[in-house]
Peer 1: 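Below is one structure. I have some questions about it.
Throughout, protein chains are lettered first and strands after them, A, B, ... in sequence-line order, and every chain is numbered starting at 1.
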Amino acid sequence: MTRLLSLAKALLDRALAVPERRRRRAFEVGLDVVEVEAVEAALRSRSSVRYLELVYSRQERADSTDDAGRIEASRLAARFAAKEAVMKALGAQDLPWRSIEVLRAADGRPSVRLTGRAAAWAAHEGLRRFSISLTHEPTFAAAVAVVTA
Amino acid sequence: MKDRIRNVLGAHGRLPVSVDALDDDANLYSAGMTSHASVNVMLALEEEFDVEFPDAMLTRNAFESIDSIATSLVTLGVA
């Protein structure tokens, strides 16, 4: 009986075995938190236009603007957190912020679109699917990214 | 130049420690500077030194210490 159990366990272990590289790349997670005040400071600065154009796409800026046409710092902060979370999940810290774009579907669900260096890096790493979740409060915004092959 | 960099870091780096306590080669991220604060610092440096960092220089490494910031500014022609 003991031998049978050992054999069954060995067979199960073998069936579940995944090559090291695939297991390591099955999914990656990134997390980031941003102080909303840091975004507000950038928006107050003389370089606010440069800040917006350097970090955020036109669509991201539109998605962060309220009905009265005012940019909401907390929404930008959530998007910045998402970009950093994706970078962490990709294992690359020096990707241009604009090459990671946070989109919002009609139902409000966020998604990620990569371009340029970020897209090239993800392809190189064999990572294709991205899931993100954003949240923001008056003082902090945060995001989690899960990246899978 | 490094005194001006320190002033910018003190005003915009959101460091949890005094910038005076940091050596020129101290890692600013290890000292508590966040990624977004590095953007605030970069924008303030552009105003302070009247330069614009090209995309290729907007890397984490370029802003990781007072020494690396100074090197970047020298590359842009700041004396």
Peer 1: M33(B) and S38(B): which non-hydrogen atoms are nearest, and at how many Å?
Peer 2: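 It is CE-CB, 3.8 Å.
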Peer 1: Locate the shortest heavy-atom distance separating V33(A) from A142(A); write the atom from each residue and the value.
Peer 2: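 In this case the closest contact between V33(A) and A142(A) is CG2-CB, 4.1 Å.
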Peer 1: Look at T34(B), N40(B), N61(B) and state which one has the largest set of heavy-atom pairs under 4.5 Å with chain A.
Peer 2: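 Among the listed options, the one with the most contacts to chain A is N40(B).
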Peer 1: Look up atom CD in E48(B) and atom NE2 in H12(B), then write down how far apart they are to the nearest 0.5 Å.
Peer 2: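 If we round to the nearest 0.5 Å, E48(B):CD and H12(B):NE2 are 8.5 Å apart.
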Peer 1: For chain B, which residues of residues 36-55 of chain A have at least one non-hydrogen atom nearer than 4.5 Å to it?
Peer 2: E37(A), A38(A), V39(A), A41(A), A42(A), S45(A), R46(A), S47(A), R50(A), Y51(A), L54(A), V55(A)
Peer 1: Look up atom CZ in F63(B) and atom OG in S68(B), then write down how far apart they are to the nearest 0.5 Å.
Peer 2: 8.5 Å
Peer 1: Do you know which two heavy atoms are closest between R6(B) and D20(B), and how far apart they sit?
Peer 2: NH1-CA, 4.0 Å
Peer 1: Do you know the tightest heavy-atom contact between G30(A) and A89(A)?
Peer 2: N-CB, 3.7 Å
Peer 1: Does any non-hydrogen side-chain atom of L76(B) lie less than 4.5 Å from one of F49(B)?
Peer 2: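 Contact flag for F49(B)/L76(B) side chains = no.
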Peer 1: Does D50(B) have any salt bridge (charged side-chain N to carboxylate O under 4.0 Å, His left out) partners at least two apart in sequence or in another chain, and if so, which?
Peer 2: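 D50(B): no salt bridge (charged side-chain N to carboxylate O under 4.0 Å, His left out) contacts found.
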Peer 1: Drop me the distance from I66(B)'s CD1 to L28(B)'s CG, to the nearest 0.5 angstrom.
Peer 2: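 The distance works out to 6.0 Å.
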Peer 1: Which members of residues 63-87 of chain A, sorted by number, sit under 4.5 angstrom from chain B on a heavy-atom basis?
Peer 2: F80(A), E84(A)
Peer 1: Looking only at heavy atoms, which two atoms of V41(B) and V8(B) are closest? And how far apart?
Peer 2: O-CG1, 3.9 Å
Peer 1: Is S35(B) close to chain A through its backbone or its side chain, or both, or neither, when contacts mean heavy atoms under 4.5 Å?
Peer 2: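 Answer is both: backbone and side chain atoms of S35(B) are under 4.5 Å from chain A.
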Peer 1: Can you confirm whether F27(A) sits close enough to V147(A) that some side-chain heavy atom of one is under 4.5 Å from a side-chain heavy atom of the other?
Peer 2: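 They are not in contact (no side-chain heavy atoms under 4.5 Å apart), so the answer is no.
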Peer 1: Compare every heavy atom of L22(B) with every heavy atom of A31(B), then report the nearest pair and how far apart it is.
Peer 2: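 Reported closest heavy-atom pair: CB-CD2, 3.9 Å.
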Peer 1: Taking side chain as C-beta onward, heavy atoms only, is E28(A) less than 4.5 Å from L90(A)?
Peer 2: no
Peer 1: Would you compute the distance between atom NZ of K2(B) and atom CD1 of I69(B) and round it to the nearest 0.5 angstrom?
Peer 2: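 If we round to the nearest 0.5 Å, K2(B):NZ and I69(B):CD1 are 10.5 Å apart.
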Peer 1: Give the interface residues of residues 92-108 of chain A toward chain B, defined by a heavy-atom separation under 4.5 Å.
Peer 2: Q93(A), D94(A), W97(A)
